[in-house]
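Before any comments, here is the structure.
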Number of protein chains: 2
Amino acid sequence: MAIHTNSERCENCRSRSFIFDLISEQDREILDKAKQEVSFNAGEIIFKQGAMLTHVVCVTSGLAKIYFEGLDKKNLLLRLVKPSELVGGPGMFVDQRHHYSLGAVEDTRVCFIDIGLYRELVFRNKPLAHEVMARESYHRIEMYEKLVNLTQKQMPGRVAEALIYLSTQIYESAKFQCTISRQELADLTAMSKESTIRILKDLKESGLVTIEGNIVEIVDMKGLEDISQRG
Amino acid sequence: MAIHTNSERCENCRSRSFIFDLISEQDREILDKAKQEVSFNAGEIIFKQGAMLTHVVCVTSGLAKIYFEGLDKKNLLLRLVKPSELVGGPGMFVDQRHHYSLGAVEDTRVCFIDIGLYRELVFRNKPLAHEVMARESYHRIEMYEKLVNLTQKQMPGRVAEALIYLSTQIYESAKFQCTISRQELADLTAMSKESTIRILKDLKESGLVTIEGNIVEIVDMKGLEDISQRG
DNA sequence: CTCCTACGTTGATATTTGTCAATCAAAATA
DNA sequence: TATTTTGATTGACAAATATCAACGTAGGAG
């Protein structure tokens, strides 16, 4: 972990958050000066469930995971976070604590934004307030769907779903280097690492995907969607 | 289902929503005139997943359930809603659709509030906006916990958890008449009806609860909490 | 270079959980 | 009253899934 005081100006940052474009000129100036860019190595924790929520975070490069630490050290991977995405944390308006952890999957850079400032920005800029509300709601909808996936689908459906998610939402390609580990894939689908591996093997043998180490290619997207939907 | 045009004034309603107390005098007047009280019989649907989101709903008497309709007609019961609780629906700021259904568990009365009006109230009254945000966030936190409960605990833990929830949050008594059916209890814990019944029997035989039909009494709360926490 | 550790993989086995079928009781209907 | 119908219950069984143990492999530390 290293702090970069001389980080880029938001204005020129290709991974800046949507918030920058929904606030006043003056607020942009303030935000630009206040942000703190920090880089994390793969595997490091960016913020930790239970800790005080002092900042929100914008990922500027790399890949991070939002995960919930459950029973017996078991983690539930809620979603992955790509550059330009803002991670707030629902504790912001509740108890000033983090209710999940954020960890670096790959080497990752993030900008920290003070929570007090962020809150002010939200209440000072109506377009931002609308957008924050909409995104909050959107994530809640995603959550319901995740809940159904994990409780009503069995393993092949969940893994198929996860592969589609990785391909379309995260790596944005039918063929991708899967930078999350098998354990993390297991945490994403709420199953054991061994079962995850076995299902991957099955999908491979069915000819729906090819897998060489962590290089994954979706060969038959239609077939994969069938499995995902059937459950 | 029957419409009551001459329903009580919000001002005198003991089950009015928190929103009434966070808006201006004039807005209270407007809200009072605009609301439409409707009563539903047990089992009836108040609004349906997928339908256009035209109103938010405040439960004024009875008991309702928020549930997600998943695969193969299987429902996931997200939470129960008591009088004075407001049910918005996350689609409000997204796609104007309901992303879950609301159903009457007992005979239930609700007030419908036009979504356009509600939105205006939220953006016109800052205290309300804060509160709505806070509640939205709170539900999201609950969601994470539910996700862990359902994916990481096994059946006895889930049922114990559900009974504690019913006792402390819903019926507010150690001994209560469980007005939700075994099927609904199964939907709440994401398991089959038969398994739910078996676990209830186990808990009864362990002396943690007594169950006579739908009268449930928690005898050993500590023991129940242990089972719930252990998973 | 070698050891060590973390990750991936596989097989055998045990546990958890769901499904199916039958029965019973209570409530609704005719 | 007789008749459905619905919800609750139980047992037997099958399917899904986790756990345990063993082994390989690749990368990092010394």
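The analysis underlying the following values was restricted to heavy atoms, covering all of them including side chains, and did not include hydrogens, waters or symmetry mates. Here is how names work: the chains are called A, B, and so on, in the same order as the sequence lines, proteins then strands, and each is numbered from 1.
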Spacing of [X] atom [atom1] relative to [N] atom [atom2], expressed in whole Å:
X	N	atom1	atom2	result
A:M155	D:dT17	CE	P	5 Å
A:K204	C:dT9	NZ	P	8 Å
A:L200	D:dT17	CG	P	15 Å
B:Q152	D:dT17	CD	P	16 Å
B:K73	C:dG18	NZ	P	21 Å
A:K74	D:dT17	NZ	P	14 Å
A:D202	D:dT17	CG	C1'	13 Å
B:I199	D:dA8	CD1	P	17 Å

* **First encountered from the 5' end of DNA chain D, between A:Q154 and B:S181** =>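 Whichever sits nearer the 5' end wins; that is B:S181.
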Is it true that a side-chain atom of [X] and a backbone atom of [Y] form a donor plus acceptor pair closer than 3.5 Å?
X	Y	value
B:K204	B:T210	no
A:S206	A:D202	yes
B:T60	B:R109	yes

So does [X] get a side-chain nitrogen or oxygen closer than 4.0 Å to the phosphate oxygens (OP1/OP2) of [N]?
X	N	answer
A:R158	D:dT17	yes
B:K201	D:dT10	yes
B:S195	C:dG18	yes

* To do: Tell whether B:E194 reaches the base of C:dC20 with its side chain through a donor-acceptor pair below 3.5 angstrom.
  =>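 Check passes, donor-acceptor contact within cut-off.
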* Does any donor-acceptor pair link the side chain of A:R198 with the base of D:dT19 at a separation under 3.5 Å? ->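 Under the 3.5 Å cut-off, the side chain and the base do form a donor-acceptor pair.
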* Per A:I197 side chain, nearest of listed nucleotides D:dT17, C:dT10, C:dT19 ->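 From the listed options, C:dT10 comes nearest.
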* To do: Would you classify A:S192 as touching base, sugar-phosphate or nothing, given that sugar-phosphate means primed atoms plus P, OP1 and OP2, and contacts are heavy atoms under 4.0 Å?
  =>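 Answer is base: heavy atoms of A:S192 come under 4.0 Å of a base.
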* When rounded to the nearest 0.5 angstrom, what is the spacing between CD in B:E106 and CD in B:Q177? ->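 Going from CD on B:E106 over to CD on B:Q177, the span is 8.0 Å.
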* Asked: Taking NZ, NE, NH1 and NH2 as the nitrogens, is one of them in B:K82 or B:E172 under 4.0 Å from a carboxylate oxygen of the other?
  ->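 Looking at B:K82 and B:E172, the cut-off is met.
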